[in-house]
Protein chains: 2
Amino acid sequence: MPAEKSRPGSCSCSVVHPQAVQLAVQAELETGTLIALSELFKVFSDPSRLRILTALSKTELCVCDLTEVLGMNQSAVSHQLAMLRRARLVRFRRDGKSVFYALDDAHIGKILKVALEHVTEGRISL
Amino acid sequence: MPAEKSRPGSCSCSVVHPQAVQLAVQAELETGTLIALSELFKVFSDPSRLRILTALSKTELCVCDLTEVLGMNQSAVSHQLAMLRRARLVRFRRDGKSVFYALDDAHIGKILKVALEHVTEGRISL
DNA sequence: TGAACGTATGCTTATGCGTTCATATATAAG
DNA sequence: CTTATATATGAACGCATAAGCATACGTTCA
C-alpha cells in the first residue's frame, strides 16, 4: 500500500500527515469571515490610507486638510476616503461645504499598534 | 485677505485648519515604517495567505499538507509561502524531502485576533 | 438664479498581484 | 548514476486597483 491517502485533486504527495491536517482543517475560518478579514487588511495595505488613518487618529480633518497633510491631490484623497468609508473605518459629517472625516472604530488603533510593534521589532532584529 | 494659507501645490481650498493639520503632520510615521507597515498588511490581505497562517497557528505543516488543507495546487502554495517567508512571518525546516513551515512571530496571532474582533463585531452590528 | 467653492465619482491608464504551467533544485531510493 | 518525489521558481495570463483627468453634485453667498 503506497500512500496513506490519495485524494486526486490536490497533490501527488504521499506523506500527508493526517492528524496535523485535521487540526488545520478544523481551525479554518468561515469563508465570509475570511473574505471580511482580507478586505480589512487590504484597506490597511496602502501607505496613503495608512497616512490618512494615522492623521485621523489624532484629530478630525476635512478633505482639504487631508490633501494638505498628505500632499496628494483632492481626487486621490477622495478615492481613498471612499474606500475607507465602504470599509466603515471612517465616518464623516458635513459642515457647510466641507466634509469632516474621523475614525469610526476603536479597534483600528489597536490593530495599528500591534502591527507597529511587529514592524519596529523586526527592524531592531535586522 | 482671502485665505489663511495658499501653498500652491496641494489644493485650492482656503479653509484649511492649521492647528488640526499641524497635529496630523506631527503624527506622521516615518516613510520606512509606513512602507513596512503597509507591506505587512498586504501579506494579510489575501484569503489564501490568511488560511495558511490560520492553519500554521495550530500546527507545523509541510507543503504537501498545506496543499491538502487549502485544496490549492503545490505551486500556488509555494509561491504564497515564499511571500510569507520574505515577510518573516513563517520559518521552515527541512526534513528529508519535506519542508515544514511554522509561524515565526507571536504578534501574528495578536494581529489576527484583534482584526477578527473588528470583523465579527461589524457582522453583529449589521 | 447663478457663480464659486469643496467634495465625490466615472473613466482611463499604468501597475501590481494571484494563479497556472513548465521547469529547476534538492533529497532519497534503487 | 538514474529515477522518483517534494518543493521552489521563472514566465505569462487575467484581474484588481491606485492615481489622474474631467466632470457632476451639493452648499453657500451675492
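Chain identifiers are assigned alphabetically (A, B, ...) following the order of the sequence lines, protein sequences preceding nucleic acid strands; residue numbering begins at 1 within each chain.
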Given side-chain contact (heavy atoms from CB on, under 4.5 Å), test B:Q26 with A:K58 step by step and report yes or no. CA-CA 9 Å; B:Q26 288 169 350; A:K58 292 299 171 187; over 6 Å; no
On the nucleotide D:dA8, are OP1 or OP2 found under 4.0 Å from the side-chain N or O atoms that B:Q74 carries? no
Side-chain N,O (A:R94) to OP1/OP2 (C:dG6) below 4.0 Å: no
To the nearest Å, give me how far apart CD (B:E68) and P (D:dT5) are. 17 Å
Checking contacts here: which listed nucleotide (C:dT7, D:dT9, C:dT9) is nearest the side-chain heavy atoms of A:A82? C:dT9
May I have the distance from A:M72 (atom CE) to D:dA18 (atom C1'), rounded to whole angstrom? 8 Å
Gap between atoms CZ and C1', on B:F44 and C:dC17 respectively (whole Å): 18 Å
Report the distance from atom CZ of B:F92 to atom P of D:dA6, rounded to the nearest whole Å. 19 Å
Please tell me if B:R85 has a side-chain N or O lying less than 4.0 Å from either OP1 or OP2 of D:dT9. yes
Would you call the rings of A:H118 and B:H107 parallel, tilted or perpendicular if under 30° counts as parallel and over 60° as perpendicular? perpendicular
Strictly below 4.0 Å: does B:R86 bring a side-chain N or O up to OP1 or OP2 of D:dT9? no
Return whichever of A:K42 or B:C62 has its heavy-atom-nearest nucleotide of DNA chain D closer to the 5' end. B:C62
Do the side chain of A:S75 and the base of C:dT9 come within less than 3.5 angstrom through a donor-acceptor pair of N or O atoms? yes
With heavy atoms under 4.0 Å as the rule, sort A:S98 into base, sugar-phosphate or nothing. sugar-phosphate
So what does A:Y101 hit on the nucleic acid, given a heavy-atom distance under 4.0 Å: a base, only sugar-phosphate, or nothing? sugar-phosphate
Residue from B:D104, B:L103, B:L40 passing side-chain contact (heavy atoms from CB on, under 4.5 Å) with B:L89: B:L40
Taking only N and O in the side chain of A:S48, is any of them less than 4.0 Å away from OP1 or OP2 of D:dA18? no
Regarding B:A76, tell me which of base, sugar-phosphate or nothing describes its non-hydrogen contacts under 4.0 Å with the strands shown. base
Check: B:H79 side chain, C:dT20 base, donor-acceptor under 3.5 Å: yes
Could you state the NZ-C1' distance from A:K97 to C:dA4, rounded to the nearest angstrom? 6 Å
Separation of B:R51 atom CZ from C:dG18 atom C1', in whole Å? 14 Å
Mind checking whether B:Y101 and B:L61 have side chains closer than 4.5 Å, heavy atoms only? no
Kindly indicate whether the side chain of A:H17, heavy atoms from C-beta on, has any atom under 4.5 Å from the side chain of B:F100. yes
Rounded off to whole Å, could you give me the CG-to-C1' distance for the A:L81 and D:dA19 pair? 14 Å
To the nearest angstrom, the CZ-C1' distance between A:F100 and D:dG26 comes to 16 Å
